[in-house]
K.L.:
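This is the structure I want to talk about, given as structure tokens.
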Amino acid sequence: MSSYDAAEIEPKWQDAWTDAGTFEARRDPDKPKYYVLEMFPYPSGNLHIGHVRNYTMGDVVARYKISTGHAVLHPMGWDAFGLPAENAAQERRVHPGEWTYANIANMKSQFSRLGLSLDWSREFATCDPDYYGKQQAMFIDFLEQGLVYRKNAVVNWDPVDMTVLANEQVEDGRGWRSGALVERRELTQWFFKISDYSDALLDALDTLENWPDKVKTMQANWIGRSRGLQFAFSLVDGPQGHDRIEVYTTRPDTLRGASFVGISPDHPLARQLEKDNEELAAFNAECRRMGTAEEDMEKAEKKGFDTGLRVRHPFDTAWELPVHVANFILMDYGTGAVFGCPAHDERDHDFAVKYGLPIYATFVPEGELPGDPDEYVQQTALVAPKDTPVRYVRGFAGEEVQTANAAIDAAIAFCEANGVGHGVTKFRLRDWGLSRQRYWGCPIPVIHCETCGVVPEKKENLPVELPKDVSFDQPGNPLDRHPTWRDVPCPSCGAPAKRETDTMDTFVDSSWYYARFTSPGAETPTDPEEAAYWMNVDQYIGGVEHAILHLLYSRFFARAMHATGHLPARATEPFDALFTQGMVTHEIYQTRDETNRPVYHFPHEVTDGKLADGRAVEVIPSAKMSKSKRNVVDPVEIIDRYGADTARWFVLSDSPPERDVEWTASGAEAASKHLARVWRICDEASGAAEQGRDDDALRRAAHRTIHDVTMGIESFGFNAAVARLYAFTSVLQKSPAGRAAKCEAARILAQLMAPMTPHLSEEIWARLGGEGLVVNAPWPVADPAMLIDDEVVLPIQINGKRRDEITVAKDLGKDAIEKLVLERHAVQKALDGAAPRKLIVVPGRIVNVVI
RNA sequence: GCGGAUGUGGUGAAAUGGUAGACACUGCAAACUUAAAAUUUGCUGGCCCAGUGCCGUGCGGGUUCGAGUCCCGCCAUCCGCACCA
């Protein structure tokens with residue numbers, strides 16, 4: 001008998017798969033195709049245990065689909081542009097490209113040890129000039145199609161480093177390196193017209209049957225289609241050129257509850273007024289110092305500035321309302337101006353209380369008579385669901401008692417009939433700003449010419465490659481100060497011109513990589529035949545943190561690629577099924593220093609909750625892994641110690657895939673022990689006696705397991721499948737069956753485990769005389785006759801509490817069950833001679849006797 | 001702040017509205033062993049008057065013969081918020 005040695009068998013089978021070309025995707029007219037894709041990683045340099053979980057899940061699906069006779073495409077690449085490479089360049093004086101490709105090489109070697117069923121022949125990195133050159137070609141197509149345009153937009157500006165900051169580089173309103181107060185600065189930037197597809201992107205969510213509802217809900221809310229009223233307040237003695245304020249509201253039914261008009265600090269009127277009003281200029285400047293992140297704006301204290309200007313209410317010209325500049329109003333959404341109705345909006349209510357503005361109720365709860373309606377809303381705003389009827393006390397259209405939805409419709413109709421604005425549909429979704437003032441990204445392939453304007457680069461000149469001779473010792477974008485790269489003749493007139501020095505948002509790179517994988521070497525962004533065959537992605541797997549931006553941008557990009565002839569119509573929704581997996585977490589061990597600041601300790605420093613010096617540590621369970629918290633698990637260490645199969649088995653067991661799983665050393669140890677046990681049991685099976693007992697029981701257990709594991713894999717219930725495999729292993733171990741039955745059961749076990757622990761399974765399969773590679777063996781099919789049990793145990797409840805149980809034939813009729821139940825001692829005792837009030841029999845499930 | 005999710009033993013969790021805790025981890029006990037490791041076996045939600053007992057799925061209500069599951073209201077944690085990827 002030999003023992004389980006992962007280090008010996010894992011490289012052996014990895015080589016066998018490579019030699020056989022098992023995972024090279026091939027178009028095969030005789031097979032259905034299956035495209036499984038996990039979100040590709042950012043090449044940080046090291047594989048994270050979270051990657052192991054993510055890619056193992058995809059691997060289970062891919063290997064299962066190979067076994068069920070599919071032509072499988074399971075590619076891998078690198079989301080390789082982005083900020084960290086530039087940070088590394090600044091900190092370590094290494095070129096971003098050099099750093100990135102070194103990381104890729106390192107991660108790839110780590111990947112290879114996991115035994116994933118990846119087709120590495122299709123690998124690419126988004127920073128490969130070939131890839132981003134094709135992206136530039138598509139950008140030019142989009143430009144010609146009218147899907148790209150330029151407009152002004154604000155960025156975070158660090159006035160000390162003289163550079164644009166990402167939101168994550170702004171900490172408490174200050175630049176992360178310089179510590180300088182961040183300013184907002186307006187730049188002309190490139191945008192994708194995703195708003196052209198707002199309706200389509202929203203409506204098509206209904207067709208995505210195999211997407212999680214939560215993701216669809218998040219996208220729907222993000223797109224935020226709303227029907228509202230756009231109208232104008234006329235200004236009383238407004239400054240020159242400003243006689244009205246255009247506002248948009250989704251609650252026109254509360255128009256008679258208006259108490260002020262709020263405008264954005266960036267509203268043209270606010271900009272006009274600040275010229276003659278130092279105080280307002282200061283207020284606006286303060287608002288503009290805030291970072292551009294919406295979260296910061298929303299969390300910031302709500303502040304306003306009374307401009308002193310007044311507007312007339314559209315229903316009553318004698319009724320004047322004050323105009324405030326308010327820091328929470330976005331210029332990007334609606335018209336940059338709102339009317340405030342404090343009675344029915346918490347934010348407006350806070351604002352009204354703070355600035356002493358009146359609060360008028362427009363409706364009160366139906367049925368209640370709360371005395372003075374205005375009194376009712378003084379303390380807190382009344383925010384009612386829009387589909388619940390309420391009583392309007394300042395209504396002006398529709399019934400007195402109606403839902404807000406009905407009242408809104410009536411109010412829009414009333415306003416349109418009376419010439420007060422018109423109903424409009426607006427979206428929260430803004431156009432996608434893709435310009436980045438950075439080096440390590442895909443150059444935007446246009447040239448700015450003084451006479452010709454913006455001219456796209458000629459396609460034969462693509463890719464516009466990033467220059468290699470750059471330095472990061474000064475802040476800002478090196479492309480801006482690289483004359484031989486920047487200064488080029490205009491492609492149109494030949495006069496001296498300048499290249500665009502902005503590069504593209506890295507979300508662009510990841511918005512079409514799935515399409516490029518179908519033909520990674522093609523001279524055009526996609527090859528129509530290949531794309532037609534392989535698209536769509538049948539199963540996409542990734543973190544829920546990408547639920548909105550990446551997935552929405554990809555959906556837009558697929559549509560834009562279709563519009564420019566790069567994808568077939570069917571691929572406008574590129575991901576047929578989506579699964580969002582949870583994280584791998586780990587406990588954090590911390591103590592406190594003299595100033596009570598936390599000090600973190602590595603897991604290997606902690607034994608039984610104590611450090612080597614005996615000090616007890618505080619344990620924070622289930623925390624996201626982070627280097628600074630010292631709770632990161634290195635997959636390479638785990639593989640060195642236990643092997644890849646153990647790591648794979650562990651990350652699939654215990655927790656449902658969509659939830660977080662906590663990494664524990666004891667759990668990894670247990671997974672390893674279990675695999676060794678499987679090895680031993682399978683090894684022993686071949687040595688079992690020729691004749692045994694209960695062969696049929698073992699077969700029935702095997703078929704039940706085939707059924708359950710298959711269902712588990714099909715439904716992403718990997719933890720449930722693992723639990724069933726644990727149970728079956730025990731059955732096999734204890735079975736007194738003969739050799740033939742045991743070997744058959746062991747081969748089935750190897751097959752069922754193969755998607756999860758492929759190396760161990762290959763070895764067992766080979767030793768027990770399985771034909772060829774287990775990865776290619778047809779998936780076992782459960783015999784339905786083996787799944788039927790003749791008898792069922794029926795729990796008996798008395799008043800809903802379980803008191804007894806009976807074992808009956810599976811198909812026993814209701815009447816016969818009732819009779820048996822009433823004869824039971826426990827039931828008779830509870831009834832005490834009386835007849836039951838009710839007897840509920842759910843055949844095959846439960847009996848409830850109500851007394 | 002807004003949007004989305006999650007919450008069940010010491011731990012990870014299971015449970016088409018139908019026996020709450022499957023399957024594991026930890027812990028305890030036993031077998032084997034000179035010993036240890038490995039392995040195997042058993043027990044392992046809480047409480048008490050130890051039963052055909054009571055309580056128990058974040059908290060408070062509700063619907064139902066029956067609620068972890070459905071509804072309403074809270075609390076806590078996590079994810080996203082458009083320049084992190």
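Here the structure is a predicted model, which is why all the values come from computation and not from measurement. Every chain is numbered from 1 and lettered A, B, ... according to where its sequence line falls, protein lines coming before strand lines.
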K.L.:
What nucleic acid atoms does V155(A) come within less than 4.0 Å of, heavy atoms only: base, sugar-phosphate, or nothing?
P.N.:
base
K.L.:
Could you check whether H825(A) gets within reach of a base, just the sugar-phosphate, or nothing at all, counting any heavy atom under 4.0 Å?
P.N.:
base
K.L.:
Choosing from A82(B), A85(B), G4(B), which nucleotide comes nearest the side chain of R428(A)?
P.N.:
A82(B)
K.L.:
Could you tell me whether K216(A) contacts a base, only the sugar-phosphate backbone, or nothing, with contacts defined as non-hydrogen atoms closer than 4.0 Å?
P.N.:
nothing
K.L.:
Mind checking whether H51(A) and H48(A) have parallel, tilted or perpendicular rings, split at 30° and 60°?
P.N.:
perpendicular
K.L.:
Looking only at side-chain N and O atoms, does Q219(A) come under 4.0 Å of OP1 or OP2 in G4(B)?
P.N.:
no
K.L.:
Any salt bridge linking E658(A) with K214(A)? Criterion: basic side-chain nitrogen under 4.0 Å from a carboxylate oxygen.
P.N.:
no
K.L.:
What orientation do F556(A) and W432(A) show, parallel under 30°, tilted 30 to 60°, or perpendicular over 60°?
P.N.:
perpendicular
K.L.:
For C72(B) versus C28(B), give the span between their C1' atoms, rounded off to a whole number of Å.
P.N.:
45 Å
K.L.:
For C47(B) and G9(B), measure between their P atoms and round to the nearest Å.
P.N.:
15 Å
K.L.:
Compare the minimum distances between each of U41(B), C65(B), A82(B) and the side chain of Y553(A), then state the nucleotide with the smallest one.
P.N.:
A82(B)
K.L.:
Please report the distance, rounded to the nearest Å, between CG in N221(A) and P in G4(B).
P.N.:
5 Å
K.L.:
For the residue pair H674(A) and Y726(A), categorise the inter-ring angle as parallel (less than 30°), tilted (30 to 60°) or perpendicular (more than 60°).
P.N.:
tilted
K.L.:
With rounding to the closest Å, how many angstrom separate the C1' atoms on A22(B) and U44(B)?
P.N.:
15 Å
K.L.:
Quick one: label R803(A) by what it contacts on the DNA or RNA (base, sugar-phosphate, nothing), any heavy atom closer than 4.0 Å.
P.N.:
sugar-phosphate
K.L.:
Determine whether any donor atom in the side chain of R837(A) lies under 3.5 Å from an acceptor atom in the base of C65(B), or the reverse, and answer yes or no.
P.N.:
no
K.L.:
In this structure, how many angstroms lie between the C1' atom of A82(B) and the CD atom of E168(A), rounded?
P.N.:
14 Å
K.L.:
Just checking P656(A): base, sugar-phosphate only, or nothing, at a heavy-atom cut-off of under 4.0 Å?
P.N.:
sugar-phosphate
K.L.:
Take the angle between the ring planes of F328(A) and F351(A) and call it parallel below 30°, perpendicular above 60°, tilted in between.
P.N.:
perpendicular
K.L.:
Please report the C-alpha distance between N719(A) and S655(A) in whole Å, then the side-chain angles of each, then the deciding distance to 0.1 Å, and finally whether the side-chain hydrogen bond (donor to acceptor under 3.5 Å, both in side chains) criterion is met.
P.N.:
CA-CA 6 Å; N719(A) 58 321; S655(A) 273; over 6 Å; no
K.L.:
Quick one: is U41(B) close enough that its OP1 or OP2 comes under 4.0 Å of any side-chain N or O from K734(A)?
P.N.:
yes
K.L.:
Answer syn or anti for G12(B), where the cut-off is 90° from 0 on the glycosidic torsion.
P.N.:
anti
K.L.:
Any idea how F40(A) and Y513(A) line up, ring-wise: parallel (<30°), tilted (30 to 60°), or perpendicular (>60°)?
P.N.:
parallel
K.L.:
What's A293(A) touching, base or sugar-phosphate or nothing? Going by heavy atoms closer than 4.0 Å.
P.N.:
sugar-phosphate
K.L.:
Do Q733(A) and E684(A) have side-chain atoms, one donor and one acceptor, less than 3.5 Å apart?
P.N.:
no
K.L.:
Less than 3.5 Å apart, any donor N or O on the side chain of T188(A) or N152(A) sitting next to an acceptor on the other?
P.N.:
yes
K.L.:
Got a salt bridge between D505(A) and R436(A), using NZ or NE/NH1/NH2 to carboxylate O under 4.0 Å?
P.N.:
yes
K.L.:
Which value, in whole Å, describes the distance between the C1' atoms of nucleotides A37(B) and G53(B)?
P.N.:
45 Å
K.L.:
I444(A) has an atom CD1; how far is it from atom P of C83(B), in whole Å?
P.N.:
13 Å
K.L.:
For L552(A), report the nucleic acid contact type (base, sugar-phosphate, nothing); a contact means any heavy atom under 4.0 Å.
P.N.:
nothing
K.L.:
Which part of the nucleic acid does G224(A) contact within heavy-atom distance under 4.0 Å: base, sugar-phosphate only, or nothing?
P.N.:
nothing
K.L.:
F579(A) has an atom CZ; how far is it from atom C1' of A5(B), in whole Å?
P.N.:
14 Å
K.L.:
Looking at the base of C2(B), is there any donor atom on it, or on the side chain of E294(A), that sits under 3.5 Å from an acceptor on the other one?
P.N.:
no
K.L.:
Please report the distance separating the C1' of A35(B) from the corresponding atom of A20(B), rounded so that it comes out in whole Å.
P.N.:
44 Å
K.L.:
State whether the number of non-hydrogen atoms from other residues, nucleotides or ligands found under 6.0 Å of K193(A) atom NZ is greater than 12.
P.N.:
no
K.L.:
Could you grab the distance from atom CZ of R288(A) to atom CD of E183(A), nearest 0.5 Å is fine?
P.N.:
11.5 Å
K.L.:
Whole angstrom is fine here: how far is it from CG in N152(A) over to P in C83(B)?
P.N.:
16 Å
K.L.:
What is the nucleic acid contact for F507(A), judged by heavy atoms within less than 4.0 Å: base, sugar-phosphate only, or nothing?
P.N.:
base
K.L.:
Within the structure shown, what part of the strands sits under 4.0 Å from R347(A) by heavy-atom distance: base, sugar-phosphate, or nothing?
P.N.:
nothing
K.L.:
Is the shortest distance from a Lys or Arg side-chain nitrogen in R347(A) or D350(A) to a carboxylate oxygen in the other one below 4.0 Å?
P.N.:
no
K.L.:
Would you say a side-chain N or O of S655(A) is under 4.0 Å from OP1 or OP2 of G12(B)?
P.N.:
no
K.L.:
Can you tell me how far P of C81(B) sits from CG of L551(A), to the nearest Å?
P.N.:
13 Å
K.L.:
Run the salt-bridge test on E346(A) and K302(A) with the 4.0 Å N-O cut-off and return the result as yes or no.
P.N.:
no
K.L.:
Which whole-number value in Å describes the distance from E658(A) CD to U6(B) P?
P.N.:
9 Å
K.L.:
Which comes earlier along RNA chain B counting from the 5' end, the contact point of R436(A) or that of E298(A), where each point is its nearest nucleotide?
P.N.:
E298(A)
K.L.:
Using a 4.0 Å cut-off on protein heavy atoms (strictly under), produce a 5'-to-3' string for nucleotides 73-80 of chain B with B for base contact, S for backbone-only sugar-phosphate contact, and - for none.
P.N.:
------SS
K.L.:
At under 4.0 Å between heavy atoms, what does S44(A) touch on the DNA or RNA strands: base, sugar-phosphate, or nothing?
P.N.:
nothing
K.L.:
Of the nucleotides U39(B), C65(B), C84(B), which has the atom closest to the K838(A) side chain?
P.N.:
C65(B)
K.L.:
What nucleic acid atoms does S653(A) come within less than 4.0 Å of, heavy atoms only: base, sugar-phosphate, or nothing?
P.N.:
nothing
K.L.:
Where the side chain of K214(A) is defined as all heavy atoms beyond and including C-beta, which of G4(B), G12(B), C84(B) is the nearest nucleotide?
P.N.:
G4(B)
K.L.:
What's Q169(A) touching, base or sugar-phosphate or nothing? Going by heavy atoms closer than 4.0 Å.
P.N.:
nothing
K.L.:
What does the 5'-to-3' dot-bracket notation of RNA chain B look like when only Watson-Crick and G-U wobble pairs under 3.5 Å count, and pairs to other strands show as |?
P.N.:
(((((((..(((.....[....))).(((((.......))))).((((..).)))..(((((..]....))))))))))))....
K.L.:
Need one value for Q828(A): base, sugar-phosphate or nothing, where a base atom within 4.0 Å counts as base even if backbone is also close, heavy atoms only.
P.N.:
nothing
K.L.:
Assert yes or no for the condition that the ring centre distance of Y540(A) to W211(A) is strictly below 6.0 Å.
P.N.:
no
K.L.:
Round to a whole Å and report the spacing from CG of L201(A) to C1' of A82(B).
P.N.:
15 Å
K.L.:
When every nucleotide of nucleotides 15-32 of chain B is labelled 5' to 3' by its protein contacts under 4.0 Å (heavy atoms), B for base, S for sugar-phosphate only, - for none, what sequence of letters results?
P.N.:
-B-BB--BSSSS------
K.L.:
If the P atom of A67(B) is compared with that of G17(B), how far apart are they to the nearest Å?
P.N.:
14 Å
K.L.:
If only side-chain N and O atoms count, and only distance matters, is there a donor-acceptor pair under 3.5 Å linking T501(A) with D480(A)?
P.N.:
yes
